[in-house]
Amino acid sequence: MPELIEVEIYRKAAARTVGRTVSTVSVSGNNYLRGGTSHADLRSAVCGGQLGRVRRKGKLLLLEIGKTVVGVRFGMTGRLIVDGEVTINELLYTTDEVKDRHVRFSLGFNDGGTLVVLDPRAFGNVELNPDESSLGPDAMRISNNALQGLFQKSRSTLKALLLNQQKISGIGNLLCDEILWRSGAAPARISCSLNCDEIERVSSAVKTTIRDLTKRGGSHLGELQPQRHQKGVCPLDGARLNQSTVAGRTSWWCPEHQL
DNA sequence: ATTGTGGCCTGCCCGC
DNA sequence: TGCGGGCAGGCCACAA
């Protein structure tokens, strides 16, 4: 469930290692590397390199090491541990325990520190020089104009648009449902059918929801989240929530105020 | 251009 | 008590 909020927490933690020199790197198994990156590529690219900037685009964490960019995707259950310190204790849909067999990627630094990715389900991956242009603008930084333009132009549903990382990056399923709930828009609404007021409401909810849940400390800390279950009711008006699959994802929304 | 399906993989919870 | 089935959601390949 790491969405942009969690990955931003990871980015800040990883930034503590800026300036250090990488001495070792390891990746478990063969399926955690992606995009043609091999173990040998990775080792020769990062070992002896110095950690420069640590960036984030959407849910993608970018570590600049020497002349190389190492991209880390956390999938659903990826957590980052820096110098032995767990950056996020509780992650939904996975265990909070730290187990050796969940270690998928690790960097060792010459000062003895480490940067470790734990990922029980191994949906995440690591890739050298990932294509950043395949991701749309980060949801936190996208301009209001660009955001509103997206809604005006897209013929897909709101749910599909907000989850489309090529158009706007960083929003996951939980954040998406919370944003739509706060905007009073139904997930299956066709984006370009929204009027100006509705577009304004949804696009401002993107920003305010992310800001708000960042303050609370996680994308699972929205108002809607505790009600995402069979007997769940709308925290706003008490109506029984609807559930259905929209854009291939489980969606919960209020039939009373999300139109 | 857009939507739908299935697969990846493990932990957790439910019912038998 | 233990087992198995279903489900959670990020992301991709593929089909329609």
Side-chain angles (χ1 to χ4, degrees), chain A residues 1-8 10 27-37 56-61 71-80 88-105 117-127 130-136 138-139 149-180 187-193 213 218-222 224-232 241 243-253:
Chain A
M1 188 263 336
E3 305 185 26
L4 114 181
I5 291 172
E6 284 73 25
V7 180
E8 179 62 15
Y10 296 160
V27 179
S28 81
N30 292 318
N31 62 349
Y32 215 71
L33 288 177
R34 197 183 94 151
T37 299
R56 178 188 62 77
K57 187 171 187 187
K59 304 172 197 171
L60 176 65
L61 181 69
V72 181
R73 296 180 183 86
F74 292 90
M76 265 188 71
T77 60
R79 284 197 293 164
L80 189 71
I88 288 183
N89 287 313
E90 280 175 65
L91 203 55
L92 239 43
Y93 310 119
T94 184
T95 176
D96 302 336
E97 289 178 72
V98 174
K99 294 185 176 163
D100 286 348
R101 70 169 190 275
H102 295 154
V103 171
R104 307 296 173 191
F105 172 73
V117 173
L118 291 183
D119 184 2
R121 291 178 66 177
F123 279 7
N125 57 65
V126 168
E127 182 181 7
D131 177 18
E132 297 176 39
S133 69
S134 66
L135 291 175
D138 183 83
L150 281 182
F151 292 113
Q152 286 160 1
K153 276 179 286 190
S154 172
R155 276 170 295 270
S156 43
T157 61
L158 291 176
K159 181 91 183 191
L161 176 60
L162 289 171
L163 290 177
N164 186 339
Q165 304 297 304
Q166 294 175 310
K167 308 267 191 211
I168 174 172
S169 62
I171 298 172
N173 202 33
L174 302 185
L175 207 38
C176 185
D177 277 8
E178 180 76 13
I179 288 167
L180 293 174
R189 269 293 289 283
I190 300 298
S191 180
C192 60
S193 78
L213 299 199
S219 44
H220 60 298
L221 298 174
L224 189 66
Q225 176 62 31
Q227 301 298 326
R228 289 176 105 254
H229 59 83
Q230 294 308 325
K231 305 213 159 147
L241 292 180
Q243 182 210 11
S244 73
T245 300
V246 183
R249 314 298 301 278
T250 303
S251 306
W252 296 89
W253 81 97

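The basis for the numbers below is simple: all heavy atoms, side chains too, and nothing from hydrogens, waters or symmetry mates. Letters go in sequence order (proteins before strands), and every chain restarts at 1.
- Considering only the side chain of R121(A), dA8(C) comes nearest among dC11(C), dA8(C), dT2(B).
- Within the 4.0 angstrom heavy-atom criterion, only backbone atoms of the sugar-phosphate kind lie near T250(A); the bases stay farther away.
- When distances are taken from the side chain of R249(A) to each of dT3(B), dG10(C), dC9(B), the shortest belongs to dG10(C).
- As judged by a 4.0 angstrom heavy-atom cut-off over every strand, D119(A) is placed among residues making no nucleic acid contact.
- Closest to the side chain of E3(A), out of dC9(B), dC11(C), dG10(C), is dG10(C).
- Closest contact between the side chain of R155(A) and the listed nucleotides dG10(C), dA1(B), dC9(B) involves dA1(B).
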Check your understanding: Checking ring pair (Phe, Tyr, Trp, His ring centres under 6.0 Å) for the pair F105(A)/Y32(A): CA distance, chi angles, key distance, verdict?
Key -> CA-CA 8 Å; F105(A) 172 73; Y32(A) 215 71; 7.8 Å; no
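- Among dT3(B), dT2(B), dT10(B), the nucleotide with an atom closest to any side-chain atom of S154(A) is dT2(B).
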Exercise for review: Begin with the C-alpha distance, continue with both residues' side-chain angles, and end with the deciding distance and a verdict on salt bridge (charged side-chain N to carboxylate O under 4.0 Å, His left out) for K57(A) and E132(A).
Suggested key: CA-CA 8 Å; K57(A) 187 171 187 187; E132(A) 297 176 39; 5.7 Å; no
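- Closest to the P120(A) side chain, of the nucleotides dG11(B), dC11(C), dT2(B), is dG11(B).
- Side-chain nitrogen and oxygen atoms of H102(A) include none within less than 4.0 Å of the OP1 or OP2 phosphate oxygen of dC9(B).
- Under the Watson-Crick or G-U wobble criterion, with both distances below 3.5 Å, dC9(B) is left unpaired in every strand shown.
- The distance from atom CZ of R104(A) to atom C1' of dT10(B) is 9 Å, rounded to the nearest whole Å.
- A salt bridge does not link E6(A) with K59(A): every distance from a Lys NZ or Arg NE/NH1/NH2 to an Asp or Glu carboxylate oxygen is 4.0 Å or more.
- At least one side-chain heavy atom of K159(A) sits under 4.5 Å from a side-chain heavy atom of S251(A).
- Between T245(A) and R249(A), the side chains place no donor N or O within less than 3.5 Å of an acceptor N or O (distance only, hydrogens not considered).
- Here the straight-line distance linking atom OG of S156(A) with atom CZ of F151(A) works out to 10.0 Å at 0.5 Å rounding.
- The distance from atom CD of E127(A) to atom C1' of dG10(C) is 15 Å, rounded to the nearest whole Å.
- Atoms CZ (F74(A)) and C1' (dA8(C)) sit 20 Å apart, rounded to a whole Å.
- The side chain of R101(A) lies closest to dG11(B), out of dA8(C), dG11(B), dC9(B).
- For the pair L161(A) CG and dT2(B) C1', the computed distance is 12 Å after rounding to whole Å.
- One atom, CZ of R79(A), and another, P of dC9(B), lie 21 Å apart when rounded to the nearest Å.
- The side chain of T157(A) sits closest to dT3(B) out of dC9(B), dT3(B), dA1(B).
- Taking atom CG of L118(A) as the reference point, atom P of dG11(B) lies 12 Å away to the nearest angstrom.
- The structure places CG of L4(A) at 7.5 Å from OG of S169(A), a figure rounded to the nearest 0.5 Å.
- For the pair I171(A) CD1 and dC11(C) P, the computed distance is 12 Å after rounding to whole Å.
- Atom OG in S244(A) sits 3.5 Å away from atom CH2 in W253(A) (nearest 0.5 Å).
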Shorter than 3.5 Å, N or O on both sides, protein versus nucleotides 12-16 of chain C: list them out with atom names.
from	atom 1	to	atom 2	distance (Å)
dC12(C)	OP1	R34(A)	NH1	2.8
dC12(C)	OP1	R34(A)	NH2	3.3

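- Considering only the side chain of Q165(A), dC11(C) comes nearest among dC11(C), dG10(C), dT3(B).
- Applying the 4.0 Å criterion to OP1 and OP2 of dA1(B), one finds that K153(A) has every side-chain N and O outside that range.
- A straight line from OH of Y32(A) to P of dC8(B) spans 17 Å, rounded to a whole angstrom.
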